[in-house]
Participant: 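This is the structure, below, for whatever I ask next.
Each ligand, and each atom within it, is numbered from 1 in the order the structure gives. Just so you know, residue 1 is the first one in the sequence shown, and it goes up from there.
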Amino acid sequence: MEGGARVVHPAVEPLSYLIGTWKGTGEGGFPTISSFSYGEELTFTHPGNKKPVIAYSQKTWKLNSGEPMHAESGYWRPKPDGTIEVVIAQSTGLVEIQKGTYDAEKKEINLQSELVGNASKVKEISRIFTLVNEELTYVVEMATNLTSRQPHLKASLKKL
Ligand code: HEM
């Protein structure tokens, strides 16, 4: 064997900066709802180097009371060619298959839903994650049956 023990699968290496637990706050809105703010914690884990997968779990809460809000979890599957596939199950029952690309230098990940399932209103979801000054920020946009694609969420998180 060459070199030392590998801890990250080569496909995961370009996104290894994600691995860990991130905590912060976000703001939500949409043309049809009142805006709101929330606390959020999300965790990316890579259990060993045998599989090209990052496991993802997220939970959110009301900032004033700590009461749980939305939660979701899934798997991120980066490919060596710079594309990425993400599956997410939401606490609302909605499921997403996201396809997109990552830029390892810019530390930016762009996802666009290929499938949104079991959703009463949502037609389309996009998610952009960027690392800026060691803060992980994201923007989520969605389109519903009544509203064209608009921002729903933005948040900024620091690694714990
Ligand atoms: C409302 C979808 C994430 C909090 C909504 C609505 C939809 C939706 C379809 C109703 C909009 C309308 O009636 O026109 C989604 C999707 C998400 C997501 C697809 C993830 C991709 C979140 C998160 C939070 C959140 C993370 C909280 C931290 C809310 C709140 C409302 C709302 C407070 C308004 C009141 C309500 O319906 O409960 N969301 N949401 N959402 N969402 Fe989200």
Participant: Scan the protein's non-hydrogen atoms and note whether one is under 4.0 Å from atom 42 (N) of ligand 1.
Facilitator: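 It does: a protein heavy atom is found less than 4.0 Å away from atom 42 (N) of ligand 1.
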Participant: With a 4.5 Å heavy-atom cut-off, do Tyr75 and Tyr56 have their side chains touching?
Facilitator: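 A side-chain contact under 4.5 Å is absent here.
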Participant: With a 3.5 Å distance limit and no angle check, can you tell me whether His46 reaches the backbone of Ala55 through a side-chain donor-acceptor pair?
Facilitator: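 Here the side-chain-to-backbone pair does not exist.
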Participant: Do Val139 and Met142 share a hydrophobic cluster, counting only Ile, Leu, Val, Met, Phe, Trp and Tyr and linking them when any side-chain heavy atoms are less than 4.5 Å apart?
Facilitator: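 In one cluster: no.
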Participant: Applying a heavy-atom cut-off of 4.0 Å, say which part of Glu40 lies close to ligand 1: side chain, backbone, both or neither.
Facilitator: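 Neither; nothing of Glu40 gets under 4.0 Å from ligand 1.
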Participant: Say you draw a straight line from CD of Glu135 to OG of Ser156; how long is it, rounded to the nearest 0.5 Å?
Facilitator: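 If I round to the nearest 0.5 Å, the distance is 3.5 Å.
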Participant: For Lys121, counting its heavy atoms only, list the atoms of ligand 1 lying under 4.0 Å from any of them.
Facilitator: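 Counting atoms of ligand 1 from 1, those under 4.0 Å from Lys121 are 12 (C), 13 (O).
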Participant: Which residue supplies the protein heavy atom nearest to atom 9 (C) of ligand 1, what is that atom called, and how far is it?
Facilitator: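 Of every protein heavy atom, Val122 CG2, 3.4 Å lies nearest to atom 9 (C) of ligand 1.
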Participant: Looking only at protein heavy atoms, identify the closest one to atom 30 (C) of ligand 1 and say how far it is in Å.
Facilitator: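 That would be Phe36 CE2, 3.5 Å.
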Participant: Distance under 6.0 Å and angle within 45° of the ring axis: does Lys62 meet both against Tyr38?
Facilitator: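 Checked: cation-pi criterion not met.
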Participant: Would a distance-only check, ignoring hydrogens and angles, find a side-chain to backbone donor-acceptor pair under 3.5 Å from Asn118 to Gly93?
Facilitator: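 Yes, Asn118 side chain to Gly93 backbone: donor-acceptor pair under 3.5 Å.
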Participant: Among all the protein's heavy atoms, is there at least one whose distance to atom 24 (C) of ligand 1 comes out below 4.0 Å?
Facilitator: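 Yes, there is a protein heavy atom closer to it than 4.0 Å.
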Participant: Under 4.0 Å from atom 35 (C) of ligand 1, is there any protein heavy atom?
Facilitator: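 No, there is none.
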Participant: Of all the atoms in ligand 1, which lie at a distance below 4.0 Å from a heavy atom belonging to Thr60?
Facilitator: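 So the answer, numbered in order with elements, is 27 (C), 28 (C).
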Participant: Checking Ser113 side chain against Val116 main chain: does a donor-acceptor pair fall under 3.5 Å?
Facilitator: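 No; judged by distance alone, with no hydrogens or angles, the pair does not exist.
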Participant: Just to confirm my output: which protein heavy-atom neighbour is closest to atom 14 (O) of ligand 1, and how far is it?
Facilitator: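 Ranked first by proximity to atom 14 (O) of ligand 1 is Thr32 OG1, 2.5 Å.
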Participant: Which residue and non-hydrogen atom of the protein lie closest to atom 19 (C) of ligand 1, and at what distance in Å?
Facilitator: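 Result for atom 19 (C) of ligand 1: Ile125 CD1, 3.6 Å.
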Participant: Check ligand 1 against Arg127 and write out every atom of the ligand that is under 4.0 Å from a heavy-atom position of the residue.
Facilitator: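 Those atoms are 20 (C), 21 (C).
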Participant: Look at the side chain of Lys123 and the backbone N and O of Ser148, then say whether any donor-acceptor pair between them is shorter than 3.5 Å.
Facilitator: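 Judged by distance alone, no pair lies under 3.5 Å.
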Participant: Nearest heavy atom to atom 28 (C) of ligand 1 wins, so pick from Trp61, Phe30, Tyr38.
Facilitator: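 Nearest heavy atom to atom 28 (C) of ligand 1 lies in Tyr38.
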Participant: If the plane angle is over 60° it's perpendicular, under 30° parallel, otherwise tilted; pick one for Tyr138 and Phe129.
Facilitator: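 Tilted.
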Participant: List every atom of ligand 1 that sits less than 4.0 Å from any heavy atom of Met69, numbering the atoms from 1 in the order shown and giving each element.
Facilitator: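 Going through ligand 1 atom by atom, the ones under 4.0 Å from Met69 are 27 (C), 33 (C).
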Participant: Got an N, O or S from His152 under 2.8 Å of atom 43 (Fe) of ligand 1?
Facilitator: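 Checking His152: at least one N, O or S atom is under 2.8 Å.
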Participant: With heavy atoms under 4.0 Å as the rule, classify the contact between Leu153 and ligand 1 as side chain, backbone, both or neither.
Facilitator: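 The side chain, only.
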Participant: To which protein heavy atom is atom 8 (C) of ligand 1 closest, and what is the distance rounded to 0.1 Å?
Facilitator: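 That would be Met142 CE, 3.4 Å.
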Participant: Please round to the nearest 0.5 Å and tell me the distance separating atom CG of Leu157 and atom CD of Gln58.
Facilitator: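 That separation rounds to 9.0 Å.
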Participant: Kindly confirm or rule out an N or O of His70 lying under 3.5 angstrom from an N or O of ligand 1.
Facilitator: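 Between His70 and ligand 1 (N or O atoms, distance only) the closest approach is not under 3.5 Å.
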Participant: What is the nearest protein non-hydrogen atom to atom 16 (C) of ligand 1, stated with its residue, atom name and distance?
Facilitator: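 Its nearest protein heavy-atom neighbour is Gln90 OE1, 3.9 Å.
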Participant: Counting heavy atoms not belonging to Asn133, are there more than 12 under 6.0 Å from its CG?
Facilitator: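 Open: at most 12 neighbouring heavy atoms sit under 6.0 Å from CG of Asn133.
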Participant: Is it true that Val95 and Ile125 fall in one hydrophobic cluster, defined by side-chain heavy atoms closer than 4.5 Å?
Facilitator: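 Hydrophobic grouping puts Val95 apart from Ile125.
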Participant: At what distance is the nearest protein heavy atom to atom 31 (C) of ligand 1, and which residue and atom is it?
Facilitator: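 Sorting protein heavy atoms by distance from atom 31 (C) of ligand 1 puts Ile33 CD1, 3.8 Å first.
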